[in-house]
K.L.:
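Attaching a single structure in structure tokens format; questions to follow.
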Number of protein chains: 2
Amino acid sequence: MSTQHALLISLIEKPSSGYDLARRFDKSIGYFWHATHQQIYRELGRMAELGWIAADETAREATTQPTTQPAAQSTDNAAPEGNAVEKKNRKKVYGVLPAGRQELVRWVLSPGAGLDQREEILVKLRADAAIGPLGLDQEMLRLIALHEERLALYRNIERKDFAGTLDRRQKIQHALLMRGIQFQENWVKWGRELLPLLEKADKA
Amino acid sequence: MSTQHALLISLIEKPSSGYDLARRFDKSIGYFWHATHQQIYRELGRMAELGWIAADETAREATTQPTTQPAAQSTDNAAPEGNAVEKKNRKKVYGVLPAGRQELVRWVLSPGAGLDQREEILVKLRADAAIGPLGLDQEMLRLIALHEERLALYRNIERKDFAGTLDRRQKIQHALLMRGIQFQENWVKWGRELLPLLEKADKA
DNA sequence: CTGTGCATGTAAGGAGTTACATGATTCG
DNA sequence: CGAATCATGTAACTCCTTACATGCACAG
């Protein structure tokens, strides 16, 4: 399971609440691993039970040197001594415990599945091949637009975040972005070429 | 849900048993939509209930009670004399009924999600970026090899099945194959470029 | 007569989706 | 004050994965 591990990474990059994570999964790491807020809260709960992470009031920290430091995170939420209040609803900031870090390393180095694609449109195209032209060009146009939009987004990120010289961390993150860019470029080009084949005959 | 629809297409292309389908999902359509044999049998059962497909010798005990529980296993079993013929275990060849075909068309033309990638290795790389070089080059090499293997397979299929002039059906199927080829080429190239970044320092 | 391939399933559990619910804070 | 947004969760359900179970047919 990778959702937990994606969350661990996000938490290492920056200790966060479930809500923060949910928003972050709508961008950055969510671009290559999607998760909804319900999933996130559930996995946070499980990982807390497993001792991989902990909410701030409980034994926060222990890892030696997180690569990124949150720097100016409003320090006002201290009050460690007398809390005991248990306000039901207040923000819980989770941090990664040593066990969580270990688990992450273990998982990163364990062999993964690789190549098991699941793209709906490919199945639809196969159907279109089998049972006559159904007018898939409309759907295809829609998807091309989506991929172009995403491509533009990635290119903007590249321009903004990856100019100048990069350290190792940035180089890898840039490579991840490039993967996305190349994938989208490739997809759009392929889709455009395919388009003429999909028109329904009676359109003429 | 697309597994059902992938099965419908396979059955339209050629009426088959669950077993046949499972084997076919290890190639051709399985290249872009994976499914295990358990999934296949379950979905076949459901689609049969829905009236989308039917096994060839339909008369098979469908005569009286529509919702017969297929339980009747283990101990209580008695009286093989009841309906003598019907060997329990023999091959069921399913074919698509009009309702199934309609459903397939409906689904093909309905808008799908598009872009929600989920590639484990990308998450792992992000982790490697965040918490030092962990030695991901080994895993990366493994994956590159997998993708190259798949690429070679695709190229063989192209050479064998798509020479000469093609009709529309073949053109689309060729485009699907090309999608796979381009994806794999792209992936391998990207992976090779990334590799130098992943070596663990102490390897020197 | 034993192993391999054909052929069909059940059971249990984990992961993901969709819908609903609720209270707190902030801002105009 | 009311609406938007922050923030956390439950419940029900579907889908996917892994392991197990059974029985027939045929070849060596």
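Residue numbering restarts at 1 for every chain, and letters A, B, ... go by the order of the sequence lines.
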K.L.:
What is the separation between atom CD on B/E49 and atom P on C/dG9, rounded to the nearest whole Å?
P.N.:
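Those two atoms, CD and P, are 12 Å apart.
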K.L.:
Whole angstrom is fine here: how far is it from CD in A/Q39 over to P in D/dC13?
P.N.:
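Rounded to the whole Å, the gap is 19 Å.
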K.L.:
Any side-chain heavy atom of A/L122 within less than 4.5 Å of one from B/W33?
P.N.:
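With C-beta onward as the side chain, the pair stays apart.
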K.L.:
To the nearest angstrom, how far is B/D56 atom CG from C/dT8 atom P?
P.N.:
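About 10 Å, once rounded to whole Å.
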K.L.:
Looking at A/D56 and A/K91, is there a salt bridge between them, counting it only when a charged N and a carboxylate O are closer than 4.0 Å?
P.N.:
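Not counted as a salt bridge, because no side-chain N and carboxylate O are separated by less than 4.0 Å.
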K.L.:
Assign the ring pair B/H5 / B/W52 to parallel, tilted or perpendicular, where the plane angle (0 to 90°) is split at 30° and 60°.
P.N.:
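The arrangement is tilted - the two ring planes meet at 30° to 60°.
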K.L.:
For the pair made of CE in A/M47 and P in C/dG14, what is the distance, rounded to whole Å?
P.N.:
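So the two atoms are 16 Å apart, to the nearest Å.
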K.L.:
Tell me the interatomic distance from B/H5, atom NE2, to D/dC15, atom C1', rounded to whole angstroms.
P.N.:
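Spelled out: NE2 on B/H5 to C1' on D/dC15 is 14 Å.
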K.L.:
I want to confirm an ordering. Mapping B/R118 and B/S17 to their closest nucleotides on DNA chain C, which one lands closer to the 5' end?
P.N.:
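The residue mapped nearer the 5' terminus is B/S17.
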K.L.:
OP1 or OP2 of C/dG5 sitting under 4.0 Å from any side-chain N/O of B/R23?
P.N.:
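Checking C/dG5 against B/R23, no side-chain N or O comes under 4.0 Å of OP1 or OP2.
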K.L.:
Give a yes/no on whether any side-chain N or O of B/Y41 is located under 4.0 angstrom from OP1 or OP2 of C/dG9.
P.N.:
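Looking at the OP1 and OP2 atoms of C/dG9, neither is under 4.0 Å from any side-chain N or O of B/Y41.
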K.L.:
Rounding to a whole Å, what distance do you find between B/L7:CG and D/dC16:C1'?
P.N.:
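Taking atom C1' of D/dC16 as the reference, CG of B/L7 is at 14 Å.
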K.L.:
Measure from the side chain of B/T36, starting at C-beta and using heavy atoms only, and say which of C/dG9, C/dA15, D/dT18 lies closest.
P.N.:
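Between C/dG9, C/dA15, D/dT18, the one nearest the side chain of B/T36 would be D/dT18.
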K.L.:
In terms of side-chain heavy atoms of A/H34, which of C/dT17, D/dC16, D/dG9 is nearest?
P.N.:
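Per side-chain heavy atoms of A/H34, the pick is C/dT17.
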K.L.:
Report the residue (A/Q38 or B/Y94) whose heavy-atom-nearest nucleotide on DNA chain C is the more 5′ of the two.
P.N.:
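The answer here is B/Y94.
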K.L.:
For the side chain of A/R42 and the base of C/dG16, is some donor closer than 3.5 Å to an acceptor across the two?
P.N.:
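Result: at least one qualifying N/O pair found.
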K.L.:
To the nearest angstrom, how far is B/H37 atom NE2 from C/dG5 atom P?
P.N.:
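In whole Å, C/dG5 P and B/H37 NE2 are 16 Å from each other.
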K.L.:
On the nucleotide D/dT8, are OP1 or OP2 found under 4.0 Å from the side-chain N or O atoms that A/Y19 carries?
P.N.:
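A/Y19 to D/dT8 OP1/OP2: no side-chain N or O under 4.0 Å.
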K.L.:
Kindly indicate whether a cation-pi arrangement holds for B/R126 with A/Y31, taking the cut-offs as under 6.0 Å to the six-membered ring centre and within 45° of the axis.
P.N.:
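No, cation not above the ring by the 6.0 Å, 45° rule.
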K.L.:
Is there a donor in the side chain of A/R23 and an acceptor in the side chain of A/Y19, or the other way round, less than 3.5 Å apart?
P.N.:
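No, no side-chain donor-acceptor pair sits under 3.5 Å.
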K.L.:
Is any side-chain N or O of A/K92 closer than 4.0 Å to OP1 or OP2 of D/dG9?
P.N.:
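For D/dG9, OP1/OP2 do have a side-chain N/O of A/K92 under 4.0 Å.
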K.L.:
Please check the phosphate of D/dT14 (OP1 and OP2 only) for any side-chain N or O of B/R46 closer than 4.0 Å.
P.N.:
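Indeed not, no polar side-chain atom of B/R46 lies that close.
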K.L.:
Quickly work out the A/L21 CG to D/dT8 C1' distance and round it to whole Å.
P.N.:
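Result: 13 Å.
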